[in-house]
Amino acid sequence: MQNSSSTSSLGPAGLDLSQAFFKPICNTEPPSPTKRHTKISIIGTGNVGMAITQTILTQDLCDEIALVDAKPDKLRGEMLDLQHGAAFLPRTKIKASVDYDVTVGSDLCIVTAGARQIPGESRLNLMQRNLSLFKCIIPPLAKYSPDSVLLIVSNPVDVLTYVAWKLSGFPSNRVIGSGTNLDSSRFRFLIADHLDVNAQDVQAYIVGEHGDSSVALWSSISVGGVPLLSLLERQQIAYEKATLEKIHREVVESAYEVISLKGYTSWAIGYSAASLARTILRDQRRIHPVSVLAKGFHGIHDGDVFLSLPAQLGRSGVLG
Ligand SMILES: NC(=O)C1=CN([C@@H]2O[C@H](COP(=O)(O)OP(=O)(O)OC[C@H]3O[C@@H](n4cnc5c(N)ncnc54)[C@H](O)[C@@H]3O)[C@@H](O)[C@H]2O)C=CC1
Ligand SMILES: CC(=O)C(=O)O
């Protein structure tokens, strides 16, 4: 017997379409009316910007992505190439423009624009070139998305995160550098590879500068919850400490090696930045080693600097 609610499912030929294959039969919960539209803007559609965009798209982290670059043809080409994959992707709308109004209302702005190192060149050498670009990039981002979180990736990332903080006028909790999230991932991979375990079971942090003077927190290393150093000390495996130091040197040299081999680094920073986007937009409150304001730092230069420390992140950036 037909009940009243399924009467409207009868097709023109009297077929009961309520039984047809396209009727949703599971997971029928309607979308929550309070679910926010989430938008990420990515500035710079070079190797790094596109690796981040691609990872964000495949991980379904937002409803809309706005791309900005100074080269209109390259920008439109990248946008079209991604849009043509829409049938295989969850749902994200992709827009692109050389004008910053396309970024309006972003929740997260990721800045990857700028010069990159040539083989053997230090990140710090990029400072002057990228500082002048930031003066054109950060003010319009802050204007169009005054409530967003800024995630800086361009190098030298710690100094440019400080610059972005000053140029944006944002509170420091909403200005973050990708910092040593990438170095820590390299560290975890190399330790895992050495011990032949899964990198996800290795907890380890690199802090300080994303670059040549980074610091390995030896005491933070644990594998499957077992603190590695105390285990080595108990077993008096001194040579392992030398191995760990060698691993840290490899971390520092990683970018130089990849750049000398393929010209740039892209995939690992793509995963690294997407992991930060996920934590921030989904308010996951996870702890990442990222470049944050270290107020009143006492070092070679006393004062406010940005450097990487383990920080808890969520919807409002660095959680207090
Ligand atoms: N923090 C980290 O862990 C990492 C940082 N990087 C840094 O990311 C930056 C980008 O590297 P790649 O993508 O390999 O370089 P790339 O040369 O492939 O791309 C840079 C893009 O920036 C665009 N651009 C230049 N000026 C611009 C402006 N005023 N406005 C908008 N777009 C502009 C260029 O047109 C180009 O498409 C470099 O500074 C690099 O050192 C790279 C890897 C890891
Ligand atoms: C280029 C760079 O900063 C990196 O791959 O670590």
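Just follow the structure's listing: the first ligand is 1, and inside any ligand the first atom is 1.
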_Below 3.5 Å, N or O to N or O, backbone or side chain included: is there any such pair between S178 and ligand 1?_
yes

*Atoms of ligand 2, numbered as shown, that sit under 4.0 Å from any heavy atom of R186*: 4 (C), 5 (O), 6 (O)

_Under 3.5 Å between any N/O of Y264 and any N/O of ligand 1: does that happen in this structure?_
no

*Which residue supplies the protein heavy atom nearest to atom 36 (C) of ligand 1, what is that atom called, and how far is it?*
D69 OD2, 3.5 Å

*Do other residues, nucleotides or ligands put more than 12 heavy atoms under 6.0 Å from the NZ atom of K246?*
no

*Can you tell me the protein heavy atom closest to atom 39 (O) of ligand 1 and the distance?*
A115 O, 2.6 Å

*Please name the pair of heavy atoms, one in W218 and one in F187, separated by the smallest distance, quoted to 0.1 Å.*
CZ3-CZ, 3.8 Å

*Could you walk me through whether Y256 and D212 pass the side chain to side chain donor-acceptor pair (under 3.5 Å) test, one step at a time?*
CA-CA 10 Å; Y256 292 105; D212 303 340; 3.0 Å; yes

*N or O pair under 3.5 Å between H210 and ligand 2*: yes

_Heavy-atom nearest option to atom 14 (O) of ligand 1, drawn from R116, E78, M50_ = R116

*Provide, to 0.1 Å, the distance between atom 5 (O) of ligand 2 and the closest protein heavy atom, together with that atom's residue and name.*
T265 OG1, 2.7 Å

_I want to know if ligand 1 touches I137 in the polar sense, i.e. an N/O pair below 3.5 angstrom._
no

*Closest candidate by heavy atom, reference atom 11 (O) of ligand 1, pool T45, L151, V48, L75*: V48

_Short side-chain donor-acceptor distance under 3.5 Å, S272 and N181_ = yes

*asked:* Which option wins on minimum heavy-atom distance to atom 31 (C) of ligand 1: A268, A70, A273?
replied: A70

*Do me a favour and list the nearest non-hydrogen protein atom to atom 41 (O) of ligand 1 with residue, atom name and distance?*
N155 ND2, 3.0 Å

*What is the minimum heavy-atom distance between V290 and G177, and which atoms define it?*
CB-O, 3.3 Å

*Would you check if the side chain of S213 reaches a backbone N or O of E209 as a donor-acceptor pair within less than 3.5 Å?*
no

*Is the cationic atom of R174 (NZ for Lys, CZ for Arg) positioned less than 6.0 Å from the six-membered ring centroid of F170 and within 45 degrees of its normal?*
yes

*Nitrogen or oxygen of V153 less than 3.5 angstrom from that of ligand 1*: yes

*Looking only at side chains, do T279 and H288 share a donor and an acceptor under 3.5 Å apart?*
yes

_Need the ligand 1 atom indices (1-based, order shown) with element for anything under 4.0 Å from a heavy-atom of L126._
41 (O)

*asked:* Looking only at side-chain N and O atoms, does H210 offer a donor or acceptor that is under 3.5 Å from a partner on D183?
replied: yes

_Measuring from atom 22 (O) of ligand 1, which candidate in S272, G46, G114 has the nearest non-hydrogen atom?_
G114

_Protein heavy-atom partner closest to atom 9 (C) of ligand 1 - residue, atom, separation in Å_ = T112 O, 3.3 Å

*Can you sort out the partners of K143 under side-chain hydrogen bond (donor to acceptor under 3.5 Å, both in side chains), two or more places apart, ordered by chain and number?*
none

*asked:* Any donor-acceptor pair under 3.5 Å linking the side-chain atoms of D107 with those of S148?
replied: no

Acceptor/donor pairs from residues 38-53 side chains to any protein atom, 3.5 angstrom cut, sequence neighbours excluded:
from	atom 1	to	atom 2	distance (Å)
T38	OG1	D63	N	3.3
T38	OG1	D63	OD2	3.1
K39	NZ	E64	OE2	3.4
K39	NZ	V102	O	2.8
K39	NZ	V104	O	2.8
S41	OG	S106	OG	2.7
T45	OG1	D69	OD2	3.1
T53	OG1	G49	O	2.7

*Short side-chain to backbone donor-acceptor contact, S178 and V153, under 3.5 Å*: no

*Contacting atoms of ligand 1, where contact means under 4.0 angstrom from a heavy atom of L182*: 3 (O)

*Measure across D304 and L293 and return the closest heavy-atom pair with its distance rounded to 0.1 Å.*
CB-CD1, 3.7 Å

*Between E253 and R249, is there a side-chain N and carboxylate O pair less than 4.0 Å apart?*
no

*Pull out every atom of ligand 1 sitting under 4.0 Å from any heavy atom of K71, numbered as shown with elements.*
35 (O)

*Which atoms of ligand 2 are found less than 4.0 Å from any heavy atom of N155?*
1 (C), 2 (C), 3 (O)

*With heavy atoms under 4.0 Å as the rule, classify the contact between H210 and ligand 1 as side chain, backbone, both or neither.*
side chain

*Quick one: nearest non-hydrogen protein atom to atom 26 (N) of ligand 1, plus distance?*
L133 CD1, 3.5 Å

*Enumerate the atoms of ligand 2 whose separation from the nearest heavy atom of L182 is less than 4.0 angstrom.*
4 (C), 5 (O), 6 (O)

*Donor-acceptor contact present, side-chain T58 to main-chain T55, <3.5 Å*: yes

*Tell me, which protein residue and heavy-atom name are nearest atom 43 (C) of ligand 1, and how many Å apart are they?*
T265 OG1, 3.1 Å

*Considering only heavy atoms of N130, which atoms of ligand 1 have at least one such atom less than 4.0 Å away?*
39 (O)

*Numbering the atoms of ligand 2 from 1, which are under 4.0 Å from a heavy atom of Q117?*
1 (C)

*Which residue owns the protein heavy atom closest to atom 24 (N) of ligand 1, what's the atom, and how far is it?*
A113 CB, 3.9 Å

*asked:* So for ligand 1, is K74 a polar contact partner (N or O within less than 3.5 Å, distance only)?
replied: no

